[in-house]
Amino acid sequence: MKSYYIYTYGCQMNVHESEKLAGILESKGYEHAECVESADVVVFNTCCIRESAEQKILGNIGAIKPIKKKRKDMIVAVCGCMSQQKDMAANLRKKFPFIDIVFGANNVEFFGEYLDTYLEQKKFLNKVENDKQYIENASGVPFVRDNPLYAYVNIMYGCNNFCTYCIVPYVRGREKSRAPNEIYAEVKNLLNLGYKVITLLGQNVNSYGLDGSTGGVNFAKLLETIANFDGEFELRFMTSHPKDLSDEVISVIAKNDKISKSLHLPVQAGSNKILKAMNRSYTKEDYLLLVNKIRAAMPNITLSTDIIVGFPGESDEDYAETVDLIKKVRYHNAFIFMYSKRRGTIAEKMDNQVPLTVKRERIHNLLEIQHKISEELFTEMVNSTQRVLIEEEDLKYYRGKAQSGKVVLIEKSQKMLVGKFYDIKILSYEKGNLIGRI
Ligand code: 5AD
Ligand code: SF4
């Protein structure tokens, strides 16, 4: 039997698209290879959000060269956001002449056809198409999902926001919402198959339906409809742009037990000058008001965020505003990045770029501050009751995750079932894990 190996980089969207690539390959009779050396088809599903991601990917593609030298019939394909960039397909091929197929972020569905064409012609195939819109399930092939409990469901593709640092709108194109009935059918099917946590995916889920393609169904309506489906499950979503998080959505989250009380709300920066330069369309004060509103409706919600340090023009005073903001909000978790210049974005042309040493200093400092806040908040969870999905058991503990995504280890005082939710009393917080008992 022929086999495949997929390298996946970047966000949940890519993880989910790799599940589609696996589905396509398995429908063609390929099986998952134990290691890349033995695979007949190797796919790199790439990311270009930061330069560090691209460097890592280029290194990993380069490492295939000696393997391909020994195994001339191995097929190497590169797809995803990095390959979607202007002239990238040709550049990749020049750098790595052993690449056989390059295709873009929006034509994952057609990989099966590309593979057939390649096998027929045995000639380099460049299938990056700039005006292509992502089409879900054009191939009619199901996703091969890795995890039996957690499932991703796309609700929209692309982004219209053009935050000035971000390359996503250039590689993923404009926002396009999926039809609600398709989404409902997919979620129902996943629930029937026993999936317990459904995560709705989109670059900016709050603008679901604003393209006018969903017959008036907006994100609040979509969430509420799914939350009313039968069965025991948890509904999550990402990512939510603060400028578009409506009162209606907040109220739907608050009212429905099945919707996770954990929200990812990327703030990016704390200084109004920088937020404006980033084109985020809100101020620090707007954001703090929004957080207050969310917490007034759901006092126990856990919040997480994304932050960029060292955006062009960020002074010490601007950075201090970010520090102030994370101290005020007190996120359970923050993903902190150094600004990375991306080709074709507006911020690329800004002339007041921040030196790497300053960016490094700021990221270390901010990570330290955030770590302390996270530790305090998780310690405060001791004595609370958390709803936990049991994922596995070992000799000493059942292991699961709370809604905040935090691992919970549960003493084996009584029989529990993997794949079920339990209310767990948190007894302690040790070495990054919550320890609890049913
Ligand atoms: N440099 C650094 N971080 C970036 N992000 C997006 N573009 C860049 C960039 N050019 C971060 C943002 C976004 C997350 C997914 O990646 O914080 O929310
Ligand atoms: Fe990038 Fe901004 Fe769109 Fe998020 S909302 S994908 S950061 S442009």
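Counting starts at 1 for both ligands and their atoms, in listed order.
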Margin query: Does E375 have more than 12 heavy atoms from other residues, nucleotides or ligands lying within 6.0 Å of its CD?
Written below: yes
Next item on the list: With heavy atoms of I49 as the reference, note each atom of ligand 1 found under 4.0 Å away.
Entry: 5 (N), 6 (C), 7 (N), 8 (C), 9 (C), 10 (N), 16 (O)
Notebook entry, point to check: With side chains defined as the heavy atoms from C-beta onward, is the minimum distance between Y184 and L222 less than 4.5 Å?
Noted result: yes
Next item on the list: Could you grab the distance from atom CD1 of I99 to atom NZ of K65, nearest 0.5 Å is fine?
Entry: 12.0 Å
Item checked: Where T46 and N14 come nearest, the two heavy atoms and their spacing -> O-ND2, 2.8 Å
Notebook entry, point to check: Is it true that the side chains of T214 and S177 contain a donor and an acceptor less than 3.5 Å apart?
Noted result: no
Item checked: Nearby protein N/O/S atoms (those under 2.8 Å) for atom 1 (Fe) of ligand 2, with water ignored -> C166 SG
Item checked: K20 to F143 six-membered ring, cation-pi geometry met (6.0 Å, 45°) -> yes
Checklist line | Atoms in ligand 1 flagged as close to M338, the criterion being non-hydrogen separation under 4.0 Å | finding: 1 (N), 2 (C)
Next item on the list: For atom 1 (N) of ligand 1, grab the closest protein heavy atom and report residue, atom and distance to one decimal in Å.
Entry: S340 N, 2.9 Å
Item checked: Residue and atom name of the nearest protein heavy atom (relative to atom 7 (N) of ligand 1), distance in Å to one decimal -> Y165 CD1, 3.3 Å
Notebook entry, point to check: In the protein, which heavy atom is nearest to atom 14 (C) of ligand 1, and how far is it?
Noted result: D306 OD2, 3.5 Å
Checklist line | Smallest separation among heavy atoms of V141 and I24, with atom names | finding: CG1-N, 3.5 Å
Checklist line | Close-contact set for ligand 1 against R342 heavy atoms, below 4.0 Å | finding: 10 (N)
Next item on the list: Compare every heavy atom of M13 with every heavy atom of G202, then report the nearest pair and how far apart it is.
Entry: CA-CE, 3.8 Å
Check: Which atoms of ligand 1 sit under 4.0 Å from any heavy atom of Y339?
Finding: 1 (N), 2 (C)
Notebook entry, point to check: Around atom CZ of R295, are there more than 12 heavy atoms of other residues, nucleotides or ligands at under 6.0 Å?
Noted result: yes
Note to self: Closer than 4.0 Å to some heavy atom of I308 - which atoms of ligand 1 meet that?
What the structure shows: 3 (N), 4 (C), 5 (N), 12 (C), 17 (O)
Next item on the list: Establish, yes or no, whether the cationic atom of R342 lies under 6.0 Å from the six-membered ring centre of Y165 and within 45° of the ring axis.
Entry: no
Next item on the list: Please report which non-hydrogen protein atom sits nearest to atom 11 (C) of ligand 1, along with the residue it belongs to and the distance in Å to one decimal place.
Entry: R50 NH1, 3.2 Å
Next item on the list: Could you list which atoms of ligand 1 come closer than 4.0 Å to a heavy atom of F337?
Entry: 3 (N), 11 (C), 14 (C), 16 (O), 17 (O)
Notebook entry, point to check: When you measure from the centre of the six-membered ring of Y150, is the NZ or CZ of K401 under 6.0 Å away and within 45° of the axis?
Noted result: yes
Next item on the list: Report, in ascending order of atom number, the atoms of ligand 2 lying under 4.0 Å from any heavy atom of R280.
Entry: 2 (Fe)
Next item on the list: Could you name each residue pair satisfying salt bridge (Lys or Arg N to Asp or Glu O under 4.0 Å) that touches residues 303-325, not counting sequence neighbours?
Entry: K273-D318, K284-E321, K284-D324, E314-R362, D316-R362, D324-K328
Note to self: Please work out, at 4.0 Å between heavy atoms, whether the side chain, the backbone, both, or neither of Q268 comes within that distance of ligand 1.
What the structure shows: side chain
